[in-house]
Visitor: 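Pasting in a structure now, in structure tokens, and then I'll have a few things to ask.
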Amino acid sequence: MKIKYKLLIIASLVLISSCREEIELETESFESILVVEGTITNELKQQEIKLSRTVPLEEGEIAVESNASVKVIENNSNEYTFSLNNSGVYVSDIEFQAQENLTYKLEILTSDGKVYESFDTHLTPSSNIDNLYAELSSDGETVDVLIDSGDNNDIAKYFRYEYEETYKIIAPRYGLYDATISNYMITAEGATYDVDITEREQEERVCYSSNKSNGILISSTSGLEDNVVSRYIIRSIPINDPIIRARYSILAKQYTQSIQSHTFYKTINDLGSLSSLLSESQPGFVAGNISSSTDSEKVIGYFEVSSLTTQRIYFNFTDFNLSFPSYFYECISLELDYNDNTTEDDDPNERNALYQLLTVNNFKLFSFGSTIYTIVNPECGDCTSFSSNIQPDFWED
């Protein structure tokens with residue numbers, strides 16, 4: 001395919017994306033309600049509390065509740081204070097961990113002087129993850145990550161799960177050198193410039209990206225003959241998903257819940273989302289264990305004190321005899337001749353195209369000759385264009 005057709009494809013994609021018509025959603029009635037997401041655990045760390053406000057549909061973004069005073073009171077005596085960080089999360093000022101046989105209560109004072117409190121809450125019993133493993137699904141369409149949790153505590157019957165996945169990215173069209181432009185001039189014969197070739201100064205071939213689970217994952221052994229969680233699927237990954245193209249890792253987190261917190265999260269899950277709790281079709285407001293001490297204002301959320309266990313695994317797509325998944329982006333490779341400075345040959349001015357793609361579109365150099373340069377779109381030649389080249393401390397190859 002000639003370059004002019006490739007450039008036409010790029011231009012067409014830009015045009016198509018700019019022609020999408022957006023439908024504006026408007027909320028006819030709206031009530032600003034405090035949303036609390038708080039779980040402290042038996043893990044020694046800086047604990048986190050998330051505070052936000054419900055927003056109209058047309059706003060879309062989460063409204064962080066800023067300038068609040070947040071604290072967790074232990075046994076009606078010790079107080080752990082929290083401060084808002086740059087990510088919009090309230091983080092405890094010091095590390096601490098929940099202890100058995102002690103009570104914990106969350107207190108919130110908002111900037112408008114309203115006070116919210118949770119019930120006194122105890123640490124739930126612990127239950128270990130016995131096995132975390134990955135299998136190809138029976139239909140061969142997904143790689144499923146499963147959890148087994150053994151019968152090591154007859155009291156622990158309710159569980160909530162989260163995960164953090166991290167995956168390795170290898171840029172498929174990586175070149176060893178960078179190309180930069182200098183001495184650009186416009187002359188009677190067109191543009192001239194120098195293409196400076198230098199070795200790349202940072203790692204841009206191998207990167208790592210991470211995602212956190214964002215849904216509600218719960219299970220229960222209540223009513224079962226054996227108090228065992230067996231083959232619970234915490235994550236299903238399509239076999240053509242590029243996140244398993246190189247190497248993949250998942251950290252599973254198992255929180256033991258009380259029956260009250262399990263019921264709350266199950267209700268949210270059944271309704272679809274937190275916002276569904278305010279739906280006009282819902283027969284009544286689903287309350288958590290947090291209420292307003294100032295007035296009868298509604299509050300959404302639950303303050304949990306949970307025992308936490310974790311386990312991490314790694315795998316490659318080759319472990320399941322799968323075909324090589326496609327890359328995250330389509331790779332556009334263009335071979336341009338600096339000496340082509342005209343359109344009279346029914347071909348684009350490749351010198352101008354080279355300048356444009358290197359300086360404006362951030363294309364990366366893949367290979368070069370005396371005047372011929374092969375360049376690729378940045379996502380395929382430089383993984384840092386959409387990921388991080390910092391290897392996590394826990395990573396194992």
Side-chain angles (χ1 to χ4, degrees), residues 1 3 6-7 9-11 13-14 17 86-87 164-184 191 193-212 237-238 240-251 312 314-319 322-338 350-397:
M1 181 183 292
I3 179 175
K6 293 182 180 179
L7 295 178
I9 290 173
I10 297 172
L13 290 174
V14 173
S17 64
N86 293 331
S87 300
E164 297 177 7
E165 61 182 2
T166 302
Y167 47 92
K168 189 175 186 177
I169 299 168
I170 301 176
R173 300 287 286 169
Y174 175 80
L176 298 176
Y177 298 93
D178 275 324
T180 57
I181 302 299
S182 64
N183 301 321
Y184 182 85
Y193 54 84
D194 295 330
V195 181
D196 301 321
I197 305 298
T198 57
E199 290 187 4
R200 294 203 189 184
E201 295 181 353
Q202 67 171 10
E203 174 62 68
E204 295 173 344
R205 178 177 175 268
V206 179
C207 291
Y208 303 85
S209 286
S210 296
N211 298 315
K212 293 183 178 181
I237 308 169
N240 59 352
D241 194 320
I243 67 174
I244 59 173
R245 177 183 167 93
R247 185 161 173 77
Y248 176 91
S249 176
I250 185 169
L251 174 69
R312 178 184 293 280
Y314 298 81
F315 61 81
N316 305 313
F317 80 96
T318 52
D319 297 338
L322 297 174
S323 299
F324 194 37
S326 299
Y327 191 58
F328 297 87
Y329 297 88
E330 180 182 358
C331 291
I332 302 171
S333 181
L334 303 173
E335 187 178 277
L336 302 178
D337 186 355
Y338 177 88
E350 295 188 15
R351 183 185 298 179
N352 287 348
L354 178 63
Y355 175 81
Q356 168 77 18
L357 292 170
L358 286 177
T359 60
V360 177
N361 300 95
N362 298 317
F363 270 53
K364 305 297 290 187
L365 182 66
F366 180 65
S367 63
F368 62 96
S370 57
T371 64
I372 306 295
Y373 301 90
T374 301
I375 60 175
V376 297
N377 52 316
E379 296 85 359
C380 293
D382 174 9
C383 60
T384 65
S385 63
F386 67 97
S387 184
S388 170
N389 60 4
I390 299 175
Q391 185 183 82
D393 293 337
F394 59 79
W395 190 261
E396 297 177 2
D397 279 317

Visitor: Taking ring-ring contact (aromatic ring centres under 6.0 Å, His included) as the test, write out the residues that go with F317, two or more places apart.
Guide: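 Counting only residues at least two positions away or on another chain, F317 forms a ring-ring contact (aromatic ring centres under 6.0 Å, His included) with F324.
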Visitor: Counting only heavy atoms not in E201, do more than 12 fall under 6.0 Å of its CD?
Guide: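 Counting other residues, nucleotides and ligands, CD of E201 stays at 12 neighbours or fewer.
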Visitor: Working to the nearest 0.5 angstrom, can you tell me the gap between S367 OG and Y373 OH?
Guide: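 Taking OG in S367 and OH in Y373, the distance rounds to 11.5 Å.
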Visitor: Check the orientation of F328 and F386. Use parallel for under 30°, tilted for 30 to 60°, and perpendicular for over 60°.
Guide: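 Geometry flag for F386 against F328: tilted rings.
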Visitor: Counting only N and O atoms by type, is there a donor-acceptor contact under 3.5 Å from the side chain of N377 to the main-chain atoms of I332?
Guide: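 Flag set: sc N377 to bb I332 pair under 3.5 Å.
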Visitor: Looking at residues at least two apart in the chain, or sitting in another chain, which of them share a ring-ring contact (aromatic ring centres under 6.0 Å, His included) with Y208?
Guide: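 Y208 satisfies ring-ring contact (aromatic ring centres under 6.0 Å, His included) with W395 once adjacent residues are dropped.
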Visitor: Among pairs that include at least one residue of residues 386-397, which meet salt bridge (charged side-chain N to carboxylate O under 4.0 Å, His left out), considering only residues two or more places apart or in two chains?
Guide: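 For residues 386-397, and leaving out neighbouring residues, the salt bridge (charged side-chain N to carboxylate O under 4.0 Å, His left out) pairs sorted by first residue read K168-D397.
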Visitor: Pair up each side-chain donor or acceptor in residues 175-182 with any protein partner under 3.5 Å, not counting sequence neighbours, and list the distances.
Guide:
from, atom 1, to, atom 2, distance (Å)
D178, OD1, K364, NZ, 3.1
S182, OG, D196, OD2, 2.7

Visitor: Can you tell me how far apart OH (Y329) and CD (E379) are? Round to the nearest 0.5 Å.
Guide: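 Here the interatomic distance stands at 5.5 Å.
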Visitor: Can you sort out the partners of D337 under side chain to side chain contact (heavy atoms under 4.5 Å, CB included), two or more places apart, ordered by chain and number?
Guide: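 N339, D340, E350, T371, I372.
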Visitor: Are the side chain of N389 and the backbone N or O of E203 linked by a donor-acceptor pair below 3.5 Å?
Guide: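 Side chain of N389 to backbone of E203: a pair is present.
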Visitor: Mind checking what makes salt bridge (Lys or Arg N to Asp or Glu O under 4.0 Å) contact with E164, not counting sequence neighbours?
Guide: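 Applying salt bridge (Lys or Arg N to Asp or Glu O under 4.0 Å) to E164 gives K253.
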Visitor: How about E165 and Y248: does a side-chain donor come under 3.5 Å of a side-chain acceptor?
Guide: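 The criterion, which ignores hydrogens and geometry beyond distance, is satisfied for Y248 and E165.
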Visitor: Just how far is it from atom CD1 of I244 to atom CD1 of I237, taken to the nearest 0.5 Å?
Guide: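 With rounding to 0.5 Å, CD1 (I244) is 6.0 Å from CD1 (I237).
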